[in-house]
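Counting from 1, the numbers follow the sequence of the chain as shown.
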Amino acid sequence: MTQVLSDERVQEILSFDSEKRFTYCIKEVVANRQIWILVDEDGCVMLNTEDEDCVPVWPNEEFAQAWANGDWENCKPEAISLNKWHSRWTSGLEDDELSVVIFPNAEQEGVIVFPDEFDFELKKQAQKR
């Protein structure tokens, strides 16, 4: 069962740098067995860098919901089970040549990885449990 984060804990986590948010995200996703994305009527929200198109993912609903403003105010957080991520999303993102941006902050800064790298990190963390 996912626990609700206090506002203080949310602010503390948001102050982490990209690498620390990446580590937090991997641990939370494995512990809660779900990954959060934002969706609208067209599907999953995408972010673009100069080099890559990315799907942003978050470790908790609170962080995905915080992104649902401005250009994304019509978006809703959606949980994807870890099993579904492993079985469908990793290969689907690879087939579409998309990357994953892990836990982007308000400045759209986050660690960008290939889907198979994200999958590897999640499975490595799961083995530690």
Side-chain angles (χ1 to χ4, degrees):
M1 178 80 186
T2 306
Q3 67 183 39
V4 176
L5 298 172
S6 69
D7 289 342
E8 294 81 19
R9 181 68 177 143
V10 167
Q11 291 309 311
E12 176 189 353
I13 295 164
L14 288 174
S15 73
F16 292 173
D17 65 20
S18 293
E19 287 295 327
K20 198 168 178 182
R21 286 194 319 278
F22 176 87
T23 301
Y24 173 83
C25 186
I26 296 294
K27 289 179 180 176
E28 280 292 290
V29 165
V30 171
N32 296 325
R33 312 257 337 130
Q34 59 188 7
I35 297 168
W36 289 89
I37 60 169
L38 280 178
V39 297
D40 63 13
E41 65 275 354
D42 298 320
C44 181
V45 165
M46 303 281 290
L47 296 178
N48 309 90
T49 68
E50 290 179 16
D51 303 320
E52 300 166 283
D53 293 331
C54 305
V55 172
V57 298
W58 292 271
N60 310 88
E61 181 177 12
E62 293 90 339
F63 299 114
Q65 183 63 54
W67 260 69
N69 60 50
D71 291 343
W72 298 284
E73 66 187 0
N74 294 325
C75 297
K76 304 226 175 317
E78 182 175 293
I80 300 168
S81 74
L82 195 51
N83 289 340
K84 188 174 181 181
W85 185 271
H86 288 313
S87 67
R88 293 194 200 143
W89 277 76
T90 298
S91 59
L93 293 171
E94 287 177 328
D95 291 347
D96 292 339
E97 297 183 0
L98 298 172
S99 293
V100 182
V101 58
I102 311 299
F103 198 172
N105 63 11
E107 290 77 39
Q108 298 187 18
E109 299 167 337
V111 175
I112 297 172
V113 296
F114 292 114
D116 62 328
E117 293 174 302
F118 186 48
D119 215 49
F120 174 80
E121 292 296 330
L122 291 169
K123 288 176 179 173
K124 188 168 81 174
Q125 177 65 32
Q127 289 175 349
K128 293 178 183 177
R129 292 180 56 80

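Between the side chain of Glu117 and the backbone N or O of Phe114 there is at least one donor-acceptor pair closer than 3.5 Å.
Using a 30° and 60° split on the angle between ring planes, Tyr24 and Phe16 fall in the perpendicular class, above 60°.
Atom CD of Glu62 and atom CG of Leu14 lie 10.5 Å apart (nearest 0.5 Å). Of the inter-residue distances, the one linking Cys25 atom SG with Ile35 atom CD1 reads 7.5 Å to the nearest 0.5 angstrom. Note that CG of Asn83 and CZ of Arg88 are 10.5 Å apart. Values are rounded to the nearest 0.5 Å. A distance of 15.5 Å separates CH2 of Trp58 from CD of Glu28, quoted to the nearest 0.5 Å. To the nearest 0.5 Å, atoms CG (Asn60) and CD (Gln34) are separated by 8.5 Å.
Counting heavy atoms from C-beta outward, Val57 and Trp36 have side chains that stay 4.5 Å or more apart.
The two residues Ala126 and Val30 come nearest to each other via the heavy atoms CA-CG1, 3.7 Å. Annotation for Val55 and Cys44: closest pair CG1-SG, 3.4 Å, computed over non-hydrogen atoms. Considering every non-hydrogen atom in both Asp40 and Asp42, the closest pair reads OD1-N, 2.8 Å. Closest approach of Thr49 and Cys54 over heavy atoms only: CG2-SG, 4.4 Å. Nearest approach of Val111 to Glu19, heavy atoms of both residues: CG2-OE2, 3.7 Å.
Not counting sequence neighbours, the partners of Lys123 by the salt bridge (Lys or Arg N to Asp or Glu O under 4.0 Å) test are Asp119. In this structure Trp85 satisfies the ring pair (Phe, Tyr, Trp, His ring centres under 6.0 Å) test together with Trp89, Phe118, sequence neighbours excluded. Glu121 pairs by the salt bridge (Lys or Arg N to Asp or Glu O under 4.0 Å) definition with Lys124, not counting sequence neighbours. By the side chain to side chain donor-acceptor pair (under 3.5 Å) test, Asn69 is found to be paired with no residue, residues two or more places apart in sequence or in another chain being considered. Every residue meeting the side chain to side chain donor-acceptor pair (under 3.5 Å) condition with Asn48, not counting sequence neighbours, appears here in chain and number order: Asp53.
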Distance-only criterion, 3.5 Å: show the donor-acceptor pairs between side-chain atoms of residues 97-106 and protein atoms not counting sequence neighbours.
unit_1	atom_1	unit_2	atom_2	d
Ser99	OG	Glu52	OE2	2.8
Asn105	OD1	Glu107	N	3.0
Asn105	OD1	Gln108	N	3.3
Asn105	OD1	Glu109	N	2.9
Asn105	ND2	Glu107	OE1	3.3
Asn105	ND2	Glu109	OE1	3.2

For residues 74-82, dump all side-chain donor-acceptor pairs below 3.5 Å to protein atoms at least two apart in sequence or in another chain.
unit_1	atom_1	unit_2	atom_2	d
Ser81	OG	Lys84	N	3.0

(request) Given side chain to side chain contact (heavy atoms under 4.5 Å, CB included), test Val113 with Phe22 step by step and report yes or no. (result) CA-CA 10 Å; Val113 296; Phe22 176 87; 4.2 Å; yes
(request) Quick one: do Val29 and Gln125 satisfy side chain to side chain contact (heavy atoms under 4.5 Å, CB included)? Show the steps, please. (result) CA-CA 9 Å; Val29 165; Gln125 177 65 32; over 6 Å; no
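Each salt bridge (charged side-chain N to carboxylate O under 4.0 Å, His left out) pair with one or both residues in residues 8-18, not counting sequence neighbours, appears once here: Arg9-Glu12.
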